[in-house]
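What follows is a short report on a single structure.
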Amino acid sequence: MRLRFAPSPTGALHIGGARTALFNWLLARHSGGQLVLRIEDTDKERSTKENVEQILEALRWLELDWDEGPIFQSERAPRHEQVLEALLDAGHAYRSSATADDVKVYKQRHGADCGFRGEQEKEGAVRLRVPDEGATVVHDVIRGDTRFEHVHLDDPVIARADGSVLYNFAVAIDDLDAGITHVVRGEDHLSNTPKQLLVLGAARALGLGEGAQEPVYAHLPLLHGPDGKKLSKRHGAASVQELRDAGYLAEAVRNYIALLGWGAGDDATVLSTEELIKRFTLERVSRNPARFDETKLRWLNGLYIRTMNASELTARVQAYLALTDARAAQLAGADPALTQRAVEISQEKIATLAEFWPLAGFVFGERLLKPAAAERWLGVEGIEALRGVRAALAELAEFDQVAIASTLEGLVEQRAVKPREIYQPLRVALTGTTISPGIFESVALLGPEETLRRIDAALNHCAPAADTGVES
RNA sequence: GCCGCCAUCGUCUAGGGGACUAGGACGCCGCCCUCUCACGGCGGUAACACGGGUUCGAAUCCCGUUGGCGGUACCA
């Protein structure tokens, strides 16, 4: 099997493109074949170096590698020109100055469902001659046969007046030259396929690609946003880079994206990349368009985070912080052992890498006292509870999680209050918020000095207000 | 407009004429667990777009309608 992923560098790699890349990659690895990366940059306006680099970066992040390329379509211009001339000489194509408006007029005269046929001229764009009779049938592994009657097809423009070739021509020749056996791409290309097949047929008539089989086509269902509309920035993370920046794991993204338009068939939802490679087949690809909905990705991502070992997760968190928050990265990087312990106590509470710092930043001195939290838990009773906590913790000989737990639990029992009446004031004093990792492990991680220091700070800060309170 | 693709819970999907009282996963709701938030456990909610056929029998096959999407560029 020889496959290709052929993005056009018009910007960041979108989810749809990423899925196309993944399916091609999965197929190549499943079959032991090769994956060719080709950059379709025949539109010089949009094809910038930066855009190409964005795509390569996205593929690298997704950990999808390729065996050949990247081949730049633009660099194959001499070859394209050569084939184009041959097609022109043999009469399979002709020059025509007809514009889009001319085509419109032609259709008004001959009927809307009648394909445009031009006259041969000296100058102008190059059009391929489509036979008047017959039809081109696209054999698609996913969709079955689709028949395109030649009478409905316009003679497609395959090269501009300046001789530079257009997409449908370049694709057909490049696939032929690269010996591509399977073309797997988005469904938006289904209507292009007969044009490419016709180019292929004309090239064959010239004796090109001797013995080569027509490629097997597979058109994947399109991906839409949660509202069923075309995927765009409106829908949150729509590109691979945005997914990475939102704190998703590449393996979770691969797993989730594989499930968009494909299923293992036995209700399996969580599939490692190895399993994906083992089980992926085109025959099981769905025909229905799918919507990209982040909620399930979040769930999967959390699951991958929870099952990862702590040191690996720590490395991922560090890399993520380095990418998104230089200050946090520096604080977390200063003490790797501390960071790993912070990761351990946060692991089951975060669904994305982005959630680590807001939850565990307090460990590194990052504290934002939320007024609402203080108001709710550091009132008269909270301060009173906090004094009790301080006294109890100050006496602790062994400042470990077990000792801390039994001390605080003892306090709860002794005061006959709900646990949260003790724990929440303490949590707010230590972290500034009402949400944090487990309180015992948080206290243990902070250590005695820092814990007491923060409690004292909270007492000093809130006590004056408490003093004015009336006895209740 | 024309050409084409598609149509099962809110979402991703299983389903290939009788095993469908339509299965799973996410989400949502409830209960349990519980120091917050989560995790976990248990239970629940929820779909065959519509109309005609074919057949003893249709979510499954055919036709039509409707809806969504794609193509219709000297874009890719």
Side-chain angles (χ1 to χ4, degrees), chain A residues 6-10 40-43 45-47 73 96-100 103-104 107-108 111-116 124-127 138 140 143 146-149 151-154 156-162 164-168 170-171 186-195 219 221-222 224 226 228-230 256 259-270 286-300 302-303 306 346-351 355 359 373 377 405 408-409 412 418-424 426-428 431 433-440 442:
Chain A
S8 61
T10 53
E40 314 233 303
D41 56 349
T42 49
D43 182 354
E45 307 274 297
R46 293 189 285 176
S47 306
Q73 201 158 49
S96 161
S97 62
T99 62
V103 172
K104 210 171 284 175
K107 289 190 186 241
Q108 270 161 12
D113 62 345
C114 188
F116 174 79
V126 179
R127 286 183 186 267
V138 177
D140 188 291
R143 274 153 226 284
T146 303
R147 190 180 172 84
F148 295 87
E149 298 293 341
V151 281
H152 299 316
L153 256 35
D154 297 335
V157 177
I158 55 176
R160 300 180 179 93
D162 67 6
S164 61
V165 299
L166 260 24
Y167 171 74
N168 283 121
V171 165
E187 200 220 278
D188 47 338
H189 289 291
L190 184 58
S191 325
N192 287 325
T193 308
K195 301 174 201 169
H219 287 96
L222 258 23
H224 298 133
K229 299 286 183 227
K230 223 178 131 178
Y256 174 69
L259 262 20
L260 259 23
W262 177 83
D266 63 354
D267 296 339
T269 301
V270 182
S286 150
R287 290 181 308 271
N288 324 6
R291 296 176 189 210
F292 171 74
D293 184 357
E294 234 174 290
T295 48
K296 196 165 189 174
L297 172 58
R298 271 186 66 79
W299 167 76
L300 258 179
L303 199 125
R306 271 173 259 130
S346 309
Q347 187 162 14
E348 70 169 19
K349 296 176 185 295
I350 61 175
E355 287 164 29
L359 187 73
W377 293 107
L408 294 180
E409 280 161 1
V412 167
K418 287 188 172 163
R420 67 156 70 97
E421 302 299 330
I422 298 293
Y423 300 141
Q424 284 301 74
L426 176 56
R427 193 185 309 278
V428 172
T431 72
T433 76
T434 55
I435 298 171
S436 82
I439 195 66
F440 308 138
S442 294

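Only a predicted model underlies this, so the values are computations on that prediction, with no experimental measurement involved. All chains are named by letter (A, B, ...) in the order of the sequence lines, taking the proteins before the strands, and each is independently numbered beginning at 1.
Along RNA chain B, the nucleotide nearest A:Thr434 and the nucleotide nearest A:Arg147 are compared for position; the residue whose nucleotide lies closer to the 5' end is A:Arg147. Looking at which nucleotide of RNA chain B each of A:Glu149 and A:Ser191 is closest to, the 5′-most match is held by A:Glu149.
The interatomic distance linking A:His189 (NE2) with B:G4 (C1') rounds to 15 Å, in whole Å. Note: CG (A:Leu222) to P (B:G71) measures 8 Å, nearest angstrom. As rounded to whole Å, 7 Å separates atom C1' of B:C6 from atom CG of A:Asn288. Separating the OH atom of A:Tyr423 from the P atom of B:C35 is a distance of 7 Å, rounded to the nearest angstrom. One atom, NE2 of A:His219, and another, P of B:G4, lie 16 Å apart when rounded to the nearest Å. In this structure, A:Arg291 places its CZ atom 19 Å from P of B:G27, rounding to the nearest Å. Here B:U36 presents its P atom at 7 Å from CD of A:Gln424, a figure rounded to the nearest Å. In this structure, CD1 of A:Ile435 is placed 20 Å from P of B:U34, rounded to the nearest angstrom.
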Practice item. Kindly indicate, with the supporting measurements, whether the criterion side chain to side chain contact (heavy atoms under 4.5 Å, CB included) is fulfilled by A:Lys195 and A:Tyr167. Key: CA-CA 10 Å; A:Lys195 301 174 201 169; A:Tyr167 171 74; over 6 Å; no
Point to revise | Step-by-step side-chain hydrogen bond (donor to acceptor under 3.5 Å, both in side chains) determination, A:Arg427 to A:Thr431 | key: CA-CA 6 Å; A:Arg427 193 185 309 278; A:Thr431 72; over 6 Å; no
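Counting all heavy atoms, side chain and backbone alike, A:Arg306 lies closest to A:Gln347 at O-NE2, 3.7 Å. Taking every heavy atom of both residues into account, A:Glu355 and A:Lys349 meet most closely at OE1-O, 4.1 Å. Taking all atoms of both residues into account, the shortest heavy-atom contact from A:Pro221 to A:Arg143 is N-NH2, 3.4 Å.
Between B:C35, B:C2, B:A76, one nucleotide has an atom nearer to the side chain of A:Pro419 than all others, and that is B:C35. The side chain of A:Trp299 has B:C26 as its nearest neighbour among B:C26, B:C35, B:G4. With B:U36, B:C35, B:C5 as the choices, the nucleotide that has an atom nearest any side-chain atom of A:Ile439 turns out to be B:C35. In this structure, the nucleotide among B:U13, B:U72, B:C3 sitting nearest to the side chain of A:Ala290 is B:U13. Of all nucleotides listed (B:C39, B:C74, B:U36), B:C74 comes nearest to the side chain of A:Leu166. With B:C12, B:C35, B:C74 as the candidates, the nucleotide lying closest to the side chain of A:Leu260 is B:C12. Out of B:C35, B:U72, B:G24, the shortest distance to the side chain of A:Arg420 is found at B:C35. Of the candidates B:C3, B:U11, B:U36, the closest approach to any side-chain atom of A:Asp293 belongs to B:U11. For A:Leu259, taking side-chain heavy atoms from C-beta onward, the closest of the listed nucleotides B:C6, B:C74, B:C12 is B:C12. Set against B:C39, B:G4, B:C74, the side chain of A:Thr146 has B:G4 as its closest nucleotide.
For A:Asn192 against B:A76, a side-chain N or O and a base N or O form a donor-acceptor pair under 3.5 Å. Applying the 3.5 Å distance criterion, the base of B:U72 shares no donor-acceptor pair with the side chain of A:Lys104. On a pure distance criterion of 3.5 Å, a polar donor-acceptor pair joins the side chain of A:Asp267 and the base of B:G23. You'll find a donor-acceptor pair under 3.5 Å spanning the side chain of A:Arg427 and the base of B:C35, going by distance alone.
Taking the P atom of each, B:U65 and B:G23 are spaced 33 Å apart, rounded to whole Å. For the C1' atom pair drawn from B:C29 and B:G10, the interatomic distance equals 14 Å after rounding to whole Å. Taking atom P in both B:A7 and B:A49, the straight-line distance is 9 Å, to the nearest Å. Across the C1' atoms, B:C28 and B:G52 are found 37 Å apart, a figure rounded to whole Å. Annotation: B:A46 and B:U21 have their C1' atoms spaced 15 Å apart (nearest Å). Taking atom C1' in both B:G44 and B:C3, one finds a spacing of 47 Å when rounded to whole Å. Separation of the P atoms belonging to B:U8 and B:U60 is 12 Å when rounded to the nearest angstrom. B:A47 and B:G15 have their C1' atoms separated by 13 Å, with the value rounded to a whole Å.
Taking OG1 of A:Thr10 as the start and CG of A:Asp41 as the end, the distance is 11.5 Å to the nearest 0.5 Å. Distance check, rounded to the nearest 0.5 Å: CG of A:Leu426 to CD1 of A:Ile439 gives 4.0 Å.
Applying the 90° criterion around 0 to the glycosidic angle, B:C37 comes out anti. Annotated as anti: B:G4, whose glycosidic dihedral deviates from 0 by more than 90°.
Within the shown strands, B:C69 is the pairing partner of B:G4 under the Watson-Crick or G-U definition, both distances less than 3.5 Å.
Base engagement by A:Pro437 is indicated by at least one non-hydrogen atom pair under 4.0 Å involving a base atom. Residue contacts shown for A:Glu40 are limited to sugar-phosphate atoms, with no base heavy atom under 4.0 Å away. Within the nucleic acid shown, A:Gly438 comes within 4.0 Å of at least one base atom, counting heavy atoms only.
A salt bridge links A:Asp154 to A:Lys107: one of the charged nitrogens lies within less than 4.0 Å of a carboxylate oxygen.
In terms of phosphate contacts, A:Arg287 brings a side-chain nitrogen or oxygen within less than 4.0 Å of OP1 or OP2 of B:A7. Phosphate proximity of B:A76 to A:Thr42: present, with a side-chain N or O under 4.0 Å from OP1 or OP2. Residue A:Arg160 has a polar side-chain atom (N or O) positioned under 4.0 Å from OP1 or OP2 of B:C75.
Residues A:His219 and A:Thr193 bring a donor and an acceptor atom of their side chains to less than 3.5 Å of each other.
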